[in-house]
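Heads up: numbering here begins at 1 and tracks the sequence. Bear in mind the structure is a predicted one, so any value in this text is a computation, not a measurement.
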Amino acid sequence: MSATATATATRVRVLVLNSGSSSVKYQLLDMSDGSRLAVGLVERIGEETSRLKHSPLAAGGESRETTGPIADHDAALKAVAGELSRDGLGLDSLELAAIGHRVVHGGKLFTQPTVVDDAVLAEIERLIPVAPLHNPANLTGIRTAQALRPDLPQVAVFDTAFHTTMPESAARYAIDVETADRHRVRRYGFHGTSHAYVSRETARLLGRAPEDVNVIVLHLGNGASASAVERGRCVDTSMGLTPLEGLVMGTRSGDVDPAVIFHLSRVGGMSTDEIDTLLNTKSGLVGLCGDNDMREIRRRIDEGADAPEGSEAFADAARAQLAFDIYIHRLRKYIGAYYAVLGRVDAVVFTAGVGENAAPVREAAIAGLESLGLAVDGELNAVRSAEPRLISPEGARVAVAVVPTDEELEIANQTYALVRNGNTSNGNTLNGNTSHENASNENS
(Lines give C-alpha, C1' and ligand atoms only; values in the text may rest on other atoms or scores of the structure.)
Protein backbone atom coordinates (compact mmCIF):
# COMPACT_ATOMS: atom_id res chain seq x y z
CA MET A 1 0.00 0.00 0.00
CA SER A 2 1.35 3.41 -0.94
CA ALA A 3 1.93 6.20 1.56
CA THR A 4 -0.99 8.11 0.03
CA ALA A 5 -3.31 5.13 0.33
CA THR A 6 -2.22 4.55 3.92
CA ALA A 7 -2.91 8.18 4.79
CA THR A 8 -6.34 8.00 3.15
CA ALA A 9 -7.18 4.83 5.05
CA THR A 10 -6.40 6.48 8.37
CA ARG A 11 -8.48 9.60 7.70
CA VAL A 12 -11.62 8.57 9.53
CA ARG A 13 -12.32 11.63 11.69
CA VAL A 14 -14.59 14.58 10.93
CA LEU A 15 -14.78 17.80 12.90
CA VAL A 16 -18.27 19.35 12.78
CA LEU A 17 -18.52 23.11 13.35
CA ASN A 18 -21.71 25.09 13.91
CA SER A 19 -20.69 28.75 13.99
CA GLY A 20 -23.25 31.20 15.33
CA SER A 21 -23.01 34.96 15.62
CA SER A 22 -21.41 34.73 19.06
CA SER A 23 -20.81 31.03 19.54
CA VAL A 24 -19.19 27.93 18.09
CA LYS A 25 -20.50 24.44 18.77
CA TYR A 26 -18.26 21.57 17.75
CA GLN A 27 -17.98 17.80 17.75
CA LEU A 28 -15.17 15.51 16.66
CA LEU A 29 -16.42 12.15 15.39
CA ASP A 30 -14.77 8.88 14.40
CA MET A 31 -16.56 7.84 11.24
CA SER A 32 -15.42 4.22 11.46
CA ASP A 33 -18.10 3.70 14.10
CA GLY A 34 -19.86 7.07 14.46
CA SER A 35 -18.53 7.59 17.98
CA ARG A 36 -17.87 11.04 19.43
CA LEU A 37 -14.31 11.76 20.50
CA ALA A 38 -14.96 15.26 21.82
CA VAL A 39 -17.76 17.83 22.06
CA GLY A 40 -17.73 21.46 23.10
CA LEU A 41 -19.11 24.95 22.98
CA VAL A 42 -17.57 28.41 22.85
CA GLU A 43 -20.09 31.08 23.79
CA ARG A 44 -20.24 34.84 24.27
CA ILE A 45 -17.49 35.40 21.69
CA GLY A 46 -16.38 39.02 21.68
CA GLU A 47 -17.19 39.57 25.35
CA GLU A 48 -15.05 39.69 28.47
CA THR A 49 -17.05 36.77 29.86
CA SER A 50 -16.44 34.33 26.98
CA ARG A 51 -16.60 30.67 28.00
CA LEU A 52 -15.27 27.46 26.43
CA LYS A 53 -16.72 24.15 27.61
CA HIS A 54 -14.86 21.10 26.30
CA SER A 55 -15.60 17.43 26.92
CA PRO A 56 -13.16 14.77 25.67
CA LEU A 57 -15.27 11.64 25.41
CA ALA A 58 -12.50 9.29 24.28
CA ALA A 59 -10.73 7.32 27.03
CA GLY A 60 -13.03 8.79 29.69
CA GLY A 61 -11.46 12.25 29.78
CA GLU A 62 -12.82 14.86 32.17
CA SER A 63 -14.71 17.95 30.99
CA ARG A 64 -12.95 21.31 31.20
CA GLU A 65 -14.25 24.85 31.29
CA THR A 66 -12.33 28.08 30.78
CA THR A 67 -13.57 31.66 30.98
CA GLY A 68 -12.08 34.92 29.81
CA PRO A 69 -12.18 37.17 26.74
CA ILE A 70 -12.22 35.47 23.34
CA ALA A 71 -12.08 38.30 20.83
CA ASP A 72 -13.47 36.70 17.68
CA HIS A 73 -14.16 33.45 15.84
CA ASP A 74 -10.51 33.15 14.82
CA ALA A 75 -9.49 33.18 18.48
CA ALA A 76 -12.37 30.83 19.34
CA LEU A 77 -11.36 28.17 16.82
CA LYS A 78 -7.74 28.44 17.83
CA ALA A 79 -8.82 27.86 21.43
CA VAL A 80 -10.86 24.83 20.32
CA ALA A 81 -7.82 23.49 18.43
CA GLY A 82 -5.75 23.91 21.59
CA GLU A 83 -8.23 21.97 23.70
CA LEU A 84 -8.37 19.15 21.15
CA SER A 85 -4.56 19.03 21.08
CA ARG A 86 -4.45 18.59 24.86
CA ASP A 87 -6.35 15.34 24.36
CA GLY A 88 -4.20 14.14 21.45
CA LEU A 89 -7.00 15.00 19.01
CA GLY A 90 -5.46 18.06 17.39
CA LEU A 91 -6.35 19.52 14.02
CA ASP A 92 -2.92 18.46 12.74
CA SER A 93 -3.90 14.80 13.11
CA LEU A 94 -3.47 12.61 10.01
CA GLU A 95 -6.74 10.95 10.97
CA LEU A 96 -8.77 14.11 10.29
CA ALA A 97 -10.51 13.70 6.93
CA ALA A 98 -12.47 16.95 6.73
CA ILE A 99 -14.23 19.71 8.60
CA GLY A 100 -17.99 19.84 8.11
CA HIS A 101 -19.80 23.15 8.54
CA ARG A 102 -23.46 23.78 9.18
CA VAL A 103 -24.60 26.52 6.78
CA VAL A 104 -28.15 27.70 7.34
CA HIS A 105 -29.09 29.02 3.90
CA GLY A 106 -28.05 27.51 0.58
CA GLY A 107 -30.90 28.85 -1.52
CA LYS A 108 -31.98 26.85 -4.57
CA LEU A 109 -28.48 26.15 -5.78
CA PHE A 110 -26.98 24.03 -3.03
CA THR A 111 -28.90 20.76 -2.97
CA GLN A 112 -26.13 18.56 -1.57
CA PRO A 113 -23.13 18.79 0.77
CA THR A 114 -20.49 20.82 -1.04
CA VAL A 115 -16.70 21.13 -0.80
CA VAL A 116 -15.99 24.80 -0.22
CA ASP A 117 -13.97 26.84 -2.70
CA ASP A 118 -13.95 30.54 -3.56
CA ALA A 119 -17.02 30.25 -5.78
CA VAL A 120 -18.99 28.47 -3.06
CA LEU A 121 -17.99 31.10 -0.50
CA ALA A 122 -19.13 33.83 -2.88
CA GLU A 123 -22.54 32.18 -3.35
CA ILE A 124 -23.05 31.76 0.42
CA GLU A 125 -22.15 35.41 0.84
CA ARG A 126 -24.62 36.46 -1.84
CA LEU A 127 -27.37 34.71 0.13
CA ILE A 128 -26.78 36.87 3.21
CA PRO A 129 -29.82 39.09 2.46
CA VAL A 130 -32.13 36.10 3.02
CA ALA A 131 -30.18 34.84 6.07
CA PRO A 132 -28.64 37.95 7.65
CA LEU A 133 -28.28 36.44 11.13
CA HIS A 134 -26.86 33.07 10.13
CA ASN A 135 -24.85 33.01 6.91
CA PRO A 136 -22.29 35.66 8.00
CA ALA A 137 -21.39 33.62 11.09
CA ASN A 138 -21.26 30.41 9.04
CA LEU A 139 -18.87 32.10 6.59
CA THR A 140 -16.63 33.29 9.41
CA GLY A 141 -16.35 29.76 10.75
CA ILE A 142 -15.45 28.35 7.33
CA ARG A 143 -12.81 30.98 6.61
CA THR A 144 -11.21 30.59 10.02
CA ALA A 145 -11.09 26.80 9.64
CA GLN A 146 -9.57 27.21 6.18
CA ALA A 147 -6.80 29.34 7.65
CA LEU A 148 -6.08 26.73 10.34
CA ARG A 149 -6.08 23.76 7.91
CA PRO A 150 -5.79 25.04 4.32
CA ASP A 151 -4.92 21.54 3.10
CA LEU A 152 -8.11 19.96 4.46
CA PRO A 153 -11.48 19.76 2.67
CA GLN A 154 -14.02 22.12 4.18
CA VAL A 155 -17.54 20.88 3.49
CA ALA A 156 -20.69 22.99 3.74
CA VAL A 157 -23.87 21.11 4.72
CA PHE A 158 -26.95 23.26 4.19
CA ASP A 159 -30.07 23.40 6.36
CA THR A 160 -32.09 24.14 3.24
CA ALA A 161 -30.76 21.32 1.05
CA PHE A 162 -33.17 18.58 2.12
CA HIS A 163 -36.10 20.80 1.19
CA THR A 164 -34.96 21.56 -2.37
CA THR A 165 -36.97 18.53 -3.53
CA MET A 166 -40.22 20.41 -2.85
CA PRO A 167 -42.30 20.83 -6.00
CA GLU A 168 -42.83 24.37 -7.23
CA SER A 169 -46.46 24.14 -6.09
CA ALA A 170 -45.19 23.95 -2.50
CA ALA A 171 -42.10 26.13 -2.81
CA ARG A 172 -43.57 29.21 -4.48
CA TYR A 173 -45.60 31.93 -2.85
CA ALA A 174 -48.60 33.21 -4.80
CA ILE A 175 -47.04 36.56 -5.66
CA ASP A 176 -45.87 38.04 -8.96
CA VAL A 177 -43.37 35.58 -10.42
CA GLU A 178 -40.93 38.17 -11.79
CA THR A 179 -40.81 40.01 -8.46
CA ALA A 180 -40.33 36.76 -6.57
CA ASP A 181 -37.49 35.61 -8.83
CA ARG A 182 -35.77 38.99 -8.78
CA HIS A 183 -35.61 39.03 -4.99
CA ARG A 184 -35.25 35.26 -4.39
CA VAL A 185 -38.60 35.09 -2.59
CA ARG A 186 -39.69 31.48 -2.21
CA ARG A 187 -40.03 28.84 0.50
CA TYR A 188 -36.68 27.29 1.35
CA GLY A 189 -37.31 25.50 4.66
CA PHE A 190 -34.83 24.91 7.47
CA HIS A 191 -33.79 22.23 10.00
CA GLY A 192 -33.10 20.12 6.92
CA THR A 193 -30.33 18.00 8.44
CA SER A 194 -32.67 17.07 11.28
CA HIS A 195 -35.59 16.24 8.99
CA ALA A 196 -33.33 14.13 6.76
CA TYR A 197 -31.84 12.20 9.68
CA VAL A 198 -35.10 11.67 11.55
CA SER A 199 -37.15 10.60 8.53
CA ARG A 200 -34.50 8.05 7.63
CA GLU A 201 -34.23 6.77 11.23
CA THR A 202 -38.02 6.48 11.42
CA ALA A 203 -37.98 4.19 8.40
CA ARG A 204 -35.31 2.13 10.11
CA LEU A 205 -37.43 1.94 13.26
CA LEU A 206 -40.31 0.62 11.17
CA GLY A 207 -38.02 -1.93 9.52
CA ARG A 208 -38.53 -0.44 6.08
CA ALA A 209 -36.53 1.46 3.49
CA PRO A 210 -36.89 5.27 3.41
CA GLU A 211 -38.15 4.96 -0.17
CA ASP A 212 -41.08 2.88 1.07
CA VAL A 213 -42.51 5.17 3.73
CA ASN A 214 -44.29 8.53 4.05
CA VAL A 215 -43.48 10.41 7.23
CA ILE A 216 -44.59 13.63 8.92
CA VAL A 217 -41.62 14.94 10.92
CA LEU A 218 -42.24 17.39 13.79
CA HIS A 219 -39.01 19.09 14.85
CA LEU A 220 -40.08 20.84 18.05
CA GLY A 221 -37.44 22.88 19.86
CA ASN A 222 -37.20 26.57 20.59
CA GLY A 223 -37.37 26.77 16.80
CA ALA A 224 -39.98 24.41 15.37
CA SER A 225 -40.80 23.06 11.93
CA ALA A 226 -42.80 20.31 10.31
CA SER A 227 -42.15 18.45 7.08
CA ALA A 228 -43.97 16.06 4.80
CA VAL A 229 -41.51 13.43 3.57
CA GLU A 230 -42.70 11.22 0.73
CA ARG A 231 -40.54 8.18 0.01
CA GLY A 232 -37.44 9.85 1.42
CA ARG A 233 -37.95 13.22 -0.30
CA CYS A 234 -39.33 16.39 1.27
CA VAL A 235 -42.48 17.56 -0.52
CA ASP A 236 -43.49 20.33 1.91
CA THR A 237 -42.20 22.04 5.04
CA SER A 238 -43.56 24.68 7.38
CA MET A 239 -40.70 27.23 7.38
CA GLY A 240 -40.41 29.46 4.35
CA LEU A 241 -38.20 32.26 3.08
CA THR A 242 -36.93 32.52 6.66
CA PRO A 243 -37.33 30.39 9.81
CA LEU A 244 -40.22 32.65 10.92
CA GLU A 245 -43.04 30.95 9.01
CA GLY A 246 -45.04 27.98 10.25
CA LEU A 247 -45.48 26.56 13.74
CA VAL A 248 -45.68 28.55 16.96
CA MET A 249 -42.14 28.63 18.38
CA GLY A 250 -40.38 29.71 21.53
CA THR A 251 -40.01 33.36 20.52
CA ARG A 252 -41.25 33.38 16.88
CA SER A 253 -44.84 33.89 15.83
CA GLY A 254 -45.00 31.37 13.02
CA ASP A 255 -47.84 32.00 10.56
CA VAL A 256 -49.46 35.45 10.67
CA ASP A 257 -51.56 37.41 8.19
CA PRO A 258 -48.98 39.54 6.26
CA ALA A 259 -51.29 42.51 6.74
CA VAL A 260 -50.45 42.43 10.47
CA ILE A 261 -47.11 43.98 9.49
CA PHE A 262 -48.78 46.82 7.55
CA HIS A 263 -51.25 47.36 10.38
CA LEU A 264 -48.51 47.60 13.01
CA SER A 265 -46.65 50.05 10.80
CA ARG A 266 -49.60 52.28 9.85
CA VAL A 267 -51.64 52.13 13.04
CA GLY A 268 -49.01 51.23 15.61
CA GLY A 269 -46.30 53.46 14.20
CA MET A 270 -43.73 50.67 14.47
CA SER A 271 -40.64 50.59 12.26
CA THR A 272 -39.70 47.63 10.10
CA ASP A 273 -36.92 46.71 12.53
CA GLU A 274 -39.29 46.90 15.49
CA ILE A 275 -41.79 44.61 13.80
CA ASP A 276 -38.99 42.22 12.83
CA THR A 277 -37.86 42.09 16.45
CA LEU A 278 -41.44 41.61 17.67
CA LEU A 279 -42.17 38.65 15.39
CA ASN A 280 -38.79 36.93 15.85
CA THR A 281 -37.92 37.50 19.51
CA LYS A 282 -41.03 38.71 21.37
CA SER A 283 -43.72 36.45 19.94
CA GLY A 284 -44.53 32.74 20.02
CA LEU A 285 -44.77 31.23 23.50
CA VAL A 286 -42.81 34.04 25.14
CA GLY A 287 -45.15 36.64 23.66
CA LEU A 288 -48.24 34.72 24.72
CA CYS A 289 -47.29 33.91 28.29
CA GLY A 290 -43.81 35.25 29.08
CA ASP A 291 -42.04 31.86 28.92
CA ASN A 292 -40.47 30.07 25.96
CA ASP A 293 -39.58 26.94 27.97
CA MET A 294 -42.28 24.26 27.61
CA ARG A 295 -41.27 22.73 30.95
CA GLU A 296 -42.00 26.03 32.72
CA ILE A 297 -45.29 26.45 30.87
CA ARG A 298 -46.44 22.99 31.94
CA ARG A 299 -45.34 23.71 35.53
CA ARG A 300 -47.46 26.87 35.59
CA ILE A 301 -50.46 24.98 34.21
CA ASP A 302 -50.10 22.17 36.75
CA GLU A 303 -49.59 24.49 39.72
CA GLY A 304 -52.68 26.50 38.82
CA ALA A 305 -54.94 23.47 38.48
CA ASP A 306 -56.28 23.78 42.04
CA ALA A 307 -55.87 27.53 42.44
CA PRO A 308 -59.02 29.48 43.36
CA GLU A 309 -60.64 31.32 40.48
CA GLY A 310 -59.62 34.97 40.44
CA SER A 311 -56.30 34.33 42.17
CA GLU A 312 -52.95 35.33 40.66
CA ALA A 313 -52.00 31.66 40.34
CA PHE A 314 -55.26 30.95 38.47
CA ALA A 315 -54.66 33.82 36.04
CA ASP A 316 -51.04 32.78 35.51
CA ALA A 317 -52.08 29.21 34.76
CA ALA A 318 -54.80 30.41 32.37
CA ARG A 319 -52.29 32.46 30.42
CA ALA A 320 -49.90 29.49 30.21
CA GLN A 321 -52.78 27.20 29.18
CA LEU A 322 -53.79 29.55 26.37
CA ALA A 323 -50.21 29.61 25.05
CA PHE A 324 -50.11 25.81 25.18
CA ASP A 325 -53.48 25.52 23.42
CA ILE A 326 -52.43 27.88 20.61
CA TYR A 327 -49.16 25.94 20.20
CA ILE A 328 -51.05 22.63 19.95
CA HIS A 329 -53.76 24.02 17.65
CA ARG A 330 -51.14 25.13 15.12
CA LEU A 331 -49.32 21.82 15.39
CA ARG A 332 -52.48 19.79 14.78
CA LYS A 333 -53.32 21.95 11.75
CA TYR A 334 -49.98 21.07 10.18
CA ILE A 335 -50.34 17.37 10.95
CA GLY A 336 -53.71 17.39 9.19
CA ALA A 337 -52.43 19.48 6.29
CA TYR A 338 -49.44 17.23 5.68
CA TYR A 339 -51.61 14.14 5.97
CA ALA A 340 -53.60 15.59 3.07
CA VAL A 341 -50.43 16.44 1.12
CA LEU A 342 -49.04 12.91 1.47
CA GLY A 343 -52.32 11.03 1.03
CA ARG A 344 -50.90 8.06 2.89
CA VAL A 345 -48.97 8.41 6.15
CA ASP A 346 -46.94 5.62 7.69
CA ALA A 347 -45.62 7.54 10.71
CA VAL A 348 -45.82 10.82 12.58
CA VAL A 349 -42.56 11.39 14.43
CA PHE A 350 -41.59 13.86 17.17
CA THR A 351 -38.02 15.09 17.60
CA ALA A 352 -35.82 17.87 19.10
CA GLY A 353 -35.94 19.19 22.67
CA VAL A 354 -39.71 19.57 23.10
CA GLY A 355 -40.65 16.76 20.75
CA GLU A 356 -38.36 14.26 22.47
CA ASN A 357 -39.09 15.22 26.08
CA ALA A 358 -42.55 16.77 26.44
CA ALA A 359 -45.05 13.91 26.68
CA PRO A 360 -48.03 16.30 27.20
CA VAL A 361 -47.24 17.98 23.87
CA ARG A 362 -47.19 14.67 22.02
CA GLU A 363 -50.40 13.49 23.68
CA ALA A 364 -52.27 16.73 22.99
CA ALA A 365 -51.06 16.98 19.38
CA ILE A 366 -52.40 13.52 18.50
CA ALA A 367 -55.57 13.58 20.64
CA GLY A 368 -58.74 13.49 18.55
CA LEU A 369 -57.02 12.26 15.39
CA GLU A 370 -58.13 8.65 15.80
CA SER A 371 -60.14 8.81 12.56
CA LEU A 372 -56.81 9.34 10.77
CA GLY A 373 -55.40 6.18 12.35
CA LEU A 374 -53.37 8.17 14.91
CA ALA A 375 -53.26 7.41 18.62
CA VAL A 376 -50.82 7.55 21.53
CA ASP A 377 -50.40 4.86 24.18
CA GLY A 378 -50.25 6.68 27.53
CA GLU A 379 -47.74 4.33 29.14
CA LEU A 380 -45.41 4.26 26.15
CA ASN A 381 -45.64 8.04 25.80
CA ALA A 382 -44.61 8.56 29.44
CA VAL A 383 -41.34 6.63 29.03
CA ARG A 384 -38.19 8.78 29.00
CA SER A 385 -35.51 7.38 26.72
CA ALA A 386 -32.70 8.51 24.46
CA GLU A 387 -33.56 5.70 22.01
CA PRO A 388 -35.91 5.82 19.03
CA ARG A 389 -39.25 4.33 20.06
CA LEU A 390 -42.89 3.86 19.11
CA ILE A 391 -45.51 5.46 21.35
CA SER A 392 -48.58 4.35 19.40
CA PRO A 393 -50.68 1.35 20.48
CA GLU A 394 -49.79 -2.02 19.03
CA GLY A 395 -51.50 -2.52 15.71
CA ALA A 396 -52.11 1.19 15.10
CA ARG A 397 -52.74 2.04 11.45
CA VAL A 398 -50.22 4.89 11.59
CA ALA A 399 -47.14 4.70 13.78
CA VAL A 400 -46.44 7.55 16.20
CA ALA A 401 -42.78 7.69 17.16
CA VAL A 402 -40.15 9.62 19.08
CA VAL A 403 -36.79 9.71 17.32
CA PRO A 404 -33.98 11.80 18.88
CA THR A 405 -32.37 13.97 16.26
CA ASP A 406 -28.62 14.02 15.67
CA GLU A 407 -27.77 16.89 13.34
CA GLU A 408 -24.04 16.72 14.06
CA LEU A 409 -23.90 13.03 13.08
CA GLU A 410 -25.89 13.81 9.93
CA ILE A 411 -23.46 16.60 9.01
CA ALA A 412 -20.50 14.31 9.71
CA ASN A 413 -22.00 11.48 7.65
CA GLN A 414 -22.69 13.76 4.68
CA THR A 415 -19.23 15.29 4.95
CA TYR A 416 -17.43 11.97 5.15
CA ALA A 417 -19.44 10.44 2.32
CA LEU A 418 -18.28 13.31 0.10
CA VAL A 419 -14.56 13.24 0.91
CA ARG A 420 -13.66 9.65 1.80
CA ASN A 421 -11.18 7.92 -0.46
CA GLY A 422 -9.92 11.31 -1.57
CA ASN A 423 -13.14 12.22 -3.42
CA THR A 424 -13.62 15.98 -3.15
CA SER A 425 -15.74 16.55 -6.25
CA ASN A 426 -18.95 18.46 -5.65
CA GLY A 427 -22.47 17.31 -6.35
CA ASN A 428 -23.21 21.00 -6.87
CA THR A 429 -21.13 22.54 -9.65
CA LEU A 430 -21.05 26.29 -10.07
CA ASN A 431 -19.68 26.06 -13.57
CA GLY A 432 -22.27 23.99 -15.43
CA ASN A 433 -25.12 25.44 -17.44
CA THR A 434 -27.80 24.30 -15.00
CA SER A 435 -26.08 25.92 -12.03
CA HIS A 436 -25.63 29.20 -13.88
CA GLU A 437 -29.32 29.21 -14.74
CA ASN A 438 -30.26 28.62 -11.12
CA ALA A 439 -27.77 31.19 -9.91
CA SER A 440 -29.17 33.84 -12.20
CA ASN A 441 -32.64 33.26 -10.73
CA GLU A 442 -31.22 33.29 -7.21
CA ASN A 443 -28.95 36.26 -7.36
CA SER A 444 -30.10 38.65 -10.06
Side-chain angles (χ1 to χ4, degrees), residues 17-24 73 99-146 154-166 168 170-173 175 177-196 223 225 227 234 237-246 252 272-273 276 279-280 407 411 414-415 418 426-444:
L17 295 177
N18 182 352
S19 298
S21 58
S22 62
S23 67
V24 175
H73 283 71
I99 299 177
H101 299 266
R102 179 198 180 208
V103 178
V104 167
H105 216 309
K108 287 174 61 180
L109 182 60
F110 295 109
T111 64
Q112 302 176 48
T114 303
V115 175
V116 175
D117 56 21
D118 289 343
V120 170
L121 285 173
E123 289 295 326
I124 296 172
E125 189 164 16
R126 292 176 73 178
L127 286 164
I128 285 176
V130 289
L133 297 179
H134 299 95
N135 275 29
N138 302 154
L139 280 168
T140 299
I142 293 171
R143 286 171 172 147
T144 303
Q146 283 180 320
Q154 310 285 331
V155 176
V157 179
F158 299 91
D159 273 14
T160 49
F162 183 64
H163 304 303
T164 57
T165 55
M166 284 192 295
E168 286 292 278
R172 280 197 176 272
Y173 292 107
I175 66 173
V177 171
E178 291 184 5
T179 301
D181 287 347
R182 185 181 311 119
H183 298 291
R184 304 184 298 279
V185 175
R186 62 185 290 112
R187 303 184 64 250
Y188 295 100
F190 299 89
H191 295 144
T193 52
S194 177
H195 287 278
S225 61
S227 67
C234 177
T237 192
S238 58
M239 287 179 167
L241 174 71
T242 76
L244 181 59
E245 187 181 357
R252 295 176 222 160
T272 303
D273 287 345
D276 189 293
L279 296 179
N280 276 288
E407 294 176 88
I411 292 170
Q414 291 191 29
T415 296
L418 185 60
N426 281 324
N428 300 293
T429 173
L430 299 183
N431 298 314
N433 293 333
T434 301
S435 293
H436 274 302
E437 181 181 349
N438 288 341
S440 65
N441 288 337
E442 284 282 347
N443 302 308
S444 58

Heavy-atom donor-acceptor pair, [X] side chain to [Y] backbone, under 3.5 Å:
{"X": "Thr114", "Y": "Ala156", "value": "no"}
{"X": "Arg187", "Y": "Met239", "value": "yes"}
{"X": "Tyr188", "Y": "Val130", "value": "no"}

message: Counting only heavy atoms not in Glu168 (residues, nucleotides, ligands), do more than 12 fall under 6.0 Å from its CD?
response: yes
[X] to [Y] - nearest heavy-atom pair and separation:
{"X": "Val24", "Y": "Ser19", "value": "CG2-OG, 4.1 Å"}
{"X": "Leu244", "Y": "Leu279", "value": "CD1-O, 3.3 Å"}
{"X": "Gly189", "Y": "Thr160", "value": "O-CG2, 3.1 Å"}
{"X": "Met166", "Y": "Thr237", "value": "SD-N, 3.7 Å"}
{"X": "Thr144", "Y": "His73", "value": "CG2-O, 3.8 Å"}
{"X": "Gly141", "Y": "His101", "value": "O-CE1, 3.6 Å"}

message: Go through it in stages, so that I can follow the logic: the residues are Leu139 and Ile128, the test is side-chain contact (heavy atoms from CB on, under 4.5 Å), and I'd like the CA-CA distance, side-chain angles, deciding distance and then a yes or no.
response: CA-CA 10 Å; Leu139 280 168; Ile128 285 176; 4.0 Å; yes
[atom1] of [X] to [atom2] of [Y]: how many Å apart, nearest 0.5 Å?
{"X": "Asn18", "Y": "Glu407", "atom1": "CG", "atom2": "CD", "answer": "8.0 Å"}
{"X": "Asp159", "Y": "His191", "atom1": "CG", "atom2": "NE2", "answer": "7.0 Å"}
{"X": "Leu241", "Y": "His183", "atom1": "CG", "atom2": "NE2", "answer": "12.0 Å"}
{"X": "Tyr173", "Y": "Glu245", "atom1": "OH", "atom2": "CD", "answer": "3.5 Å"}

field: Residue pair Arg252 / Pro243, side-chain heavy-atom distance below 4.5 Å
entry: yes
task: Give the intermediate values and the outcome of side-chain contact (heavy atoms from CB on, under 4.5 Å) for residues Gln146 and Val116.
output: CA-CA 9 Å; Gln146 283 180 320; Val116 175; 3.8 Å; yes
- prompt: Who pairs with Phe190 by ring-ring contact (aromatic ring centres under 6.0 Å, His included), at least two apart in sequence or on another chain?
  reply: His105
message: Among Leu109, Ile124, Asn138, Leu127, exactly one meets side chain to side chain contact (heavy atoms under 4.5 Å, CB included) together with Phe158. Which residue is that?
response: Ile124
- prompt: Step by step, would you call Ile142 with Val103 a side-chain contact (heavy atoms from CB on, under 4.5 Å)?
  reply: CA-CA 9 Å; Ile142 293 171; Val103 178; 4.0 Å; yes
query: Going through the checks in order, is the side-chain contact (heavy atoms from CB on, under 4.5 Å) test met by Val185 and Thr179?
result: CA-CA 8 Å; Val185 175; Thr179 301; over 6 Å; no
